[in-house]
Amino acid sequence: MKLSVANLSRPAAHWSARACVALALVGSVVAMSVSARAQERAAPQAAPEVRQAEGLPRTPSGRVAQEAIEARAEAVEIESIGARIRRPTGWVIVPSGPGAVATFRASGDSEAQLEVRLSGEILVGRAERYAQSFQNQIQGAGFRVETAERDVDFGGRTGDLITYGVDADGEAYRLMTWLHHSEEQMWVFSLFCLESRQEAYREVFEELILAMQWSAVPADASSGE
């Protein structure tokens with residue numbers, strides 16, 4: 001599967017470990033959370049506002065760093081199917097873990113992450129089994145189901161919306177997932193954040209789904225192509 005956000009070859013950020021949380025690697029999430037906070041205490045940085053161009057990291061020569069430009073690209077594109085995942089305003093693109101096609105981190109909040117996963121081919125009749133297996137993996141790692149809604153509609157597409165909870169390092173976290181089966185593949189959208197920020201980020205999560213371009217846009221018939 002070919003992705004294009006320039007070249008996603010920049011060094012992995014410590015937040016990218018949380019991309020694995022949707023596959024029940026809660027231990028990694030806790031470890032990286034502690035590591036992130038320890039690094040922030042050891043090396044305080046300026047306010048992490050990244051929405052303005054003047055806040056972009058620069059190279060020694062004074063130019064804006066290439067990875068900073070890539071992190072603020074407008075969208076992640078999956079060229080093999082023509083899908084386009086729009087970057088939410090105020091979030092930056094970070095390297096994705098195995099199985100993920102797009103990962104976004106909230107500016108100024110190292111605990112919050114949005115992720116999009118796309119499965120391989122799922123045969124007809126196997127989608128339910130895939131979804132159940134996915135949910136079992138998450139619960140097997142210590143997450144508890146907080147709420148579960150079936151056939152939740154986003155822009156005419158339906159899927160199961162499940163919110164999980166987990167307590168780690170003295171903090172309460174929430175993992176919200178929406179699974180949508182389309183064209184023999186399963187799309188998994190997830191939001192991981194502190195419980196106290198869930199409602200604030202839920203709208204961003206929903207907008208990420210609603211703004212999706214799921215496949216290539218057909219050429220305008222009037223163009224003669």
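Everything numeric here is computed off the predicted structure, so don't read it as measured data.
Every residue meeting the side-chain hydrogen bond (donor to acceptor under 3.5 Å, both in side chains) condition with Glu128, not counting sequence neighbours, appears here in chain and number order: Arg150. Residues meeting the side-chain hydrogen bond (donor to acceptor under 3.5 Å, both in side chains) test with Glu207, sequence neighbours left out: none. Annotation: ring pair (Phe, Tyr, Trp, His ring centres under 6.0 Å) contacts of Tyr201 (sequence neighbours excluded): Trp91. By the ring pair (Phe, Tyr, Trp, His ring centres under 6.0 Å) test, Phe189 pairs with Trp178, Trp214, sequence neighbours left out. The side chain to side chain contact (heavy atoms under 4.5 Å, CB included) test applied to Ala148 returns Val145, Ile162, not counting sequence neighbours. Under the side-chain hydrogen bond (donor to acceptor under 3.5 Å, both in side chains) criterion, Ser196 pairs with no residue, sequence neighbours left out. Glu206 meets the side-chain hydrogen bond (donor to acceptor under 3.5 Å, both in side chains) test with Arg202; sequence neighbours excluded.
Formation of a donor-acceptor pair under 3.5 Å by the Arg117 side chain with backbone atoms of Pro98 is found in this model. Panel note: side chain Thr163, backbone Thr147; no donor-acceptor pair is recorded below 3.5 Å. Judged by distance alone, with hydrogens and angles left aside, the side-chain atoms of Gln185 form a donor-acceptor pair with the main-chain N or O of Ser119 at under 3.5 Å. Looking at His180, its side chain does come within 3.5 Å of a backbone N or O of Thr158 through a donor-acceptor pair. Looking at Gln213, its side chain does come within 3.5 Å of a backbone N or O of Gly82 through a donor-acceptor pair.
In this structure the side chain of Glu111 never reaches within 4.5 angstrom of the side chain of Cys193, judged on heavy atoms. In this structure the side chain of Asp160 never reaches within 4.5 angstrom of the side chain of Phe134, judged on heavy atoms. Between Phe104 and Arg87, the closest side-chain pair of non-hydrogen atoms falls below 4.5 Å. A heavy-atom distance below 4.5 Å is found between the side chains of Leu208 and Val116.
Atom CZ of Arg144 is surrounded by more than 12 heavy atoms from other residues, nucleotides or ligands within 6.0 Å. Residue Arg86 places its CZ atom among 12 or fewer non-hydrogen atoms of other residues, nucleotides or ligands, all under 6.0 Å distant.
Applying the salt bridge (charged side-chain N to carboxylate O under 4.0 Å, His left out) rule to pairs touching residues 188-199 yields Arg174-Glu195, sequence neighbours excluded.
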